[in-house]
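Lettering follows sequence order; numbering is per chain, from 1.
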Amino acid sequence: MSDALARSEPVLAGHFIGEGVTIALAPPLTRYSLRARQAQALETVLKTKLPKRIGETEAGIACLGPNEWLLRAPAGTTLPMGAGLPLAITEISERSVCLIVEGRRATEVLAAGCPLDLERFAVGRATRTVFETMEIILLRTGEDRFEVEVWRSFAPWLSRALETAARQLLRGK
Amino acid sequence: MSGFRLDRGGRIDRSRPISFSFDGVTYQGFAGDTLASALLANGVKLFGRSFKYHRPRGLLGAGSEEPNALVSVSRGPGRHTPNLRATAVEIYDGLTATSQNRWPSLKTDIGAINDRLGMFLPAGFYNKTFMWPRSFWDKLYEPLIRRAAGLGEAPSEEDPDHYGAVYAHCDLLIVGAGPAGIDAALEASGTSKRIVLIDEQDEPGGGALDDPALWPWLKESLKDLAAAPNVTVLNRTTAFGYYHDNFIGAVERLTDHLTDVGSGSREQLWRIRAGEVILAQGAIERPLVFAGNDVPGVMLASAAKTYLLRHGVAVGRAVALMAAHDSGWRDAFAHARAGVAVTAIIDVRETVAPALTGEAAELGIPVRLGHSVIRVHGRHAVKAITAARNDGTGHARIACDALLMAGGWTPSVHLWSHSKGSLAWSDELGAYVPDRPNEKVRCVGAGSGKWNCGSGLVIDALPTPRDPSRIKAFVDFQNDVTAKDIHLAVREGFKSIEHIKRYTTTGMATDQGKTSNLNGLQIAAQALGRHVTEVGLTTFRPPYTPQTFGALAGHAQGALFQPTRKTCIDGWAEEQGAVFELVAQWRRARYFPLAGEDMLAAVNRECRAVRSSVGIFDASTLGKIEVVGPDAAEFLNRMYTNPWKALEPGRCRYGLLLKEDGFITDDGVSARLAPDRFHLTTTTGGAARVLNMMEDYLQTEWPDLDVWLTSTTEQWAVIALQGPLARKLLEPLVEGIDLSPEVFPHMAIREGTICGVPTRLFRVSFTGELGFEINVPAAYGRALWERLMIAGAAHGITPYGTEAMHVLRAEKGFIIVGQDTDGTVTPYDAGLDWAVGKKKPDFVGKRSLARPDIAALGRKQLVGLLTDDPAVVLEEGSQIVADPTQSIPMKMIGHVTSAYWSEALGRSIALALVAGGQGRMGEVLHIPTPGQTFTATVSPMVFYDPQGERLNV
Amino acid sequence: MRRPPPLWRTEMLLIHCPYCEEQRAEIEFAYAGEAHIARPPDPAALSDEDWTQYLFIRSNPRGRHHERWRHTHGCGRFFNAVRDTATDKFEVTYKAGELRR
């Protein structure tokens, strides 16, 4: 066997640095979609707590819907598959990439295309939403820090749109 | 006074002169001037030509309601904006503006002949005259009319500007930063509310900008608002539309007033969601309707006051006033106090408040009560007016070079009406005022109708002793609608104001009837002999003022127009010089031409490689859904036409998906990974639709099933290796999977690793050859592809694109849903009877397959078609007839869905939907095309290796 | 090529998602037809007329309308709503499977 296969990413890993905001590609992550009627079924298999309210996160797990959670963990993490149980654990590590939008003007950049009231989107919240016509999962991981999960093939468009919005901030307000 | 500029006063900055040009002449203005005020100061009175009669027109207003003074501004290639109101264009050094709708010049306009021919151009003229003959319309009448009656010219170059867009959320949005809007903002600024105050002008203040007494208050208030952290004030921002649930669209103009536009956005679209809205849009003064009310120099009294007090410009050296309302008197007094001669105040009312006449006497202004202007002398500018008593007697000629009109006030209820708030008629104001709200919104200030603008007489048209059929008393200045046009419309039987509007075009132009609607309505009511409230009111619709397409498009231009989805292997294909095509939003490599190859040569070579050695194909765009849970097989069994429960783990099955109406909606090969886990594939374009459909059934019809769906389309890169050497190429690269045909047969799946990366390896074929589809996590797709290219070099590996893929599948008679089907094709029509589980009691669409019209004979069925001339490749979409000698229009019995040159067969092949096609085997059909009719013989759909022996290797 | 929807057209309404328990912009949702039309448990038992009725015939009222929406770009759930087709106003939204309001 020759050398291990190298990863390729849909957008450049470098940072975009604008006035009051940076946009960067997050390092690779392990991602799982977790589904069950009740959180408890998954908690038993995964031996970890799940957030119960839609939009909340707990220990890297975001509750996206009444029976849907997104687990994000360091690359290489593996999960039991829960074979035969009334639940679904599906690996989606490479389905999306994560763009980190950070800085005091991060909300302004995201508001260019996201219809949520970001000023009232508390730290720790996560939800599926859109940026213009494109579906994203938005996580607020700090007062000035958002993580944007976007399907791989949409990432070039989204990073370009975010950078365009960030450049428009340069004119100041 | 130099020219018409006053020596002092106004908000302009006399220390900052600005140079600009209008129709090629250079003028000077000052910072704070609009194009209108700066030209007025230079003595310019003629601003444009009217739409229909090409009459000379000057300024009517001073704000965004202006109907006459439409200009074009050009600032370099692609930056040409027509139909701007001169009253809303801020001047900057180098501004280049031109008038519109005139030829050869503004002063001498040939089209003005229409004015002389006015009696031949009544309301509805175009509708009546250019009806016949019909064939003349497209080629003669319409182009002529359009050339003669243009409103500015559309730019021909691409717009180089960027337009931003943003969402904003606030608790209180205030539209209009006049005194009422500012008061509302100040009042709320002490709360914790997030407040946005927007105003269309270059500085906040609204009506206060015309009133020097209010300037100290204004300055103080704006300072307080600027200091309030919860208040955002947006100037040069027009709220153009008020939509459901307090969603307001607004456009902020960022660079149109600057000499150097810089690199930022030209405009920004604000999409504002407000908890509460306060509309403080003010009111617009109404013109009066009398002969000659459109001669340049006749304007709204309030506009004259704005030019006087805000811009320091007198609209004339001797002005007269025609009033039906008190407010005009005060505007005339302001002129007198500023040193402008007021030669007459004429009021149609017999009596007015003594305070007014007293003040006029003090200022030495002659007053005529119970009089009306019956004639305006001058064509390009007012020279004098003739007034008469309301009974027609006592004609008097009065010299003046400007005539102010004061017809009362119309509250601006446009946005209120967008929000579906109801209106109530006010007899006192002669206008509709906001009544019951439909959203969380209220109106304040003059826009609410509750502000005291003074009293006045509501009048439809001024009395005149002249023959009303021989005078032009304008109602709608921009669209050249006169009072007699409305009377004519009523005489011809139009009774609804909506019909009168469309017949006469009153209120229909870019100003949306801001100055004309109420006068038109009252004239129509008078002509119909009904109260205005019985005549109805036309609907106000967005936009409040015209907006650029750029602002509405926002981000969606250029590279951001819409996303182009690319697979992880796309970059490699691009480096190889692949030719691409768009499939749904995906960009896919269509073929990989070598030097000197055209498409056919490349595709033939790619097809030969697959049939003789091995081809490699990027199938990553295939939709993928992971179906997991104890009821996964039960769920798929209900969704797909064929049985799924007995499928063993490690095996694949072709799935056919119908909609409940029985028609094919998608297909794909799916694999059972474990008893409770399936890996589904869908068509590239169907991925989102199929997942939505399955979620629908799962969530709402069968919520009892324990099964969950996850899109994995982008989790996996898919590389298809197809051809007799595929296994030989793959064997040394795979670990943990025995590729030998005995243990890994066709339509099977195995999990293991390839080049050290986990893989789901399918043994499937969309080509009829031995084939594998290698699924690896998407991040490794590119590297694996390159590794396969190196390893395959010895085997003659050849990348192929979607075109060869189409040829190869057509040779095998495999359908493409959406190409060979069109949403009316059942499995039976498509020859896929074998894929329907007839013993299954139910599946989605099953009941519909027994509907009488679907069981009927003669339905269009998918068949093969072999042209009699093997070199002819039919055009996809060509219609098919049974008898080419019949007369036109011929009876068409079907159409060609797919047609290719088959390199393997050395001839063309085609698939077609033909009525009763499966019963026509061997029949010769005809395909008429321009210039030639082809003949073809109906055949089975599988053209190549019908026994499927090539798979069993 | 399909045109993207205009930026200011498809997102006017605020819709209360009964699962997320908050109001979100219309652009996150997809309309999914009339509500409370259950798929017959045994379609084969239906006459052609009854099947046609189920498949194609909708009430299309002016006024109060029971309809389905999906919070596609949110929690992903289908839910039911009562909306006035004349005013576009939502009266109430409720979870799938709950009784008709």
Select one option (side chain, backbone, both, neither) describing which atoms of [X] are under 4.5 Å from chain A's heavy atoms.
| X | result |
| --- | --- |
| B/Pro675 | neither |
| B/Ala778 | both |
| B/Ala632 | neither |
| B/Trp586 | side chain |
| B/Pro703 | backbone |
| B/Asp706 | both |
| B/Thr567 | neither |
| B/Ile569 | neither |

**Q.** From A/Arg95 atom CZ to B/Thr710 atom OG1, the distance as rounded to the nearest 0.5 Å
**A.** 7.0 Å
Q.
Once rounded to the nearest 0.5 Å, what's the spacing between atom CD of B/Gln562 and atom OG1 of A/Thr133?
A.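 Those atoms lie 7.5 Å apart.
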Q: List the steps and the verdict of side-chain contact (heavy atoms from CB on, under 4.5 Å) for B/Arg782 and A/Arg7.
A: CA-CA 8 Å; B/Arg782 168 87 187 249; A/Arg7 295 178 58 89; over 6 Å; no
Q. Charged N to carboxylate O under 4.0 angstrom, B/Asp570 versus A/Arg152?
A. no
Q | Residues B/Asp704, A/Arg37: salt bridge by 4.0 Å N-O rule | A |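 Here B/Asp704 does not pair with A/Arg37 in a salt bridge, since their nearest N and O are not under 4.0 Å apart.
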Q: Decide side-chain contact (heavy atoms from CB on, under 4.5 Å) for B/Glu714 and A/Glu94; before the verdict, give the C-alpha distance in whole Å, the side-chain angles of both, and the deciding distance to 0.1 Å.
A: CA-CA 7 Å; B/Glu714 300 231 34; A/Glu94 306 296 348; over 6 Å; no
Q: Would you check if there is a donor-acceptor pair between the side chains of A/Ser153 and B/Arg565 at a distance under 3.5 Å?
A: yes
Q) Crowded around A/Arg160 CZ? As in, over 12 foreign heavy atoms under 6.0 Å? A) no
Q: Could you tell me whether a side-chain N or O of B/Arg273 sits under 3.5 Å from a main-chain N or O of A/Asp117, the two making a donor and an acceptor?
A: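 Such a contact is absent between B/Arg273 side chain and A/Asp117 backbone.
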Q: Could you go through the side-chain contact (heavy atoms from CB on, under 4.5 Å) check for B/His162 and A/Thr164 one step at a time?
A: CA-CA 10 Å; B/His162 181 269; A/Thr164 303; 3.3 Å; yes
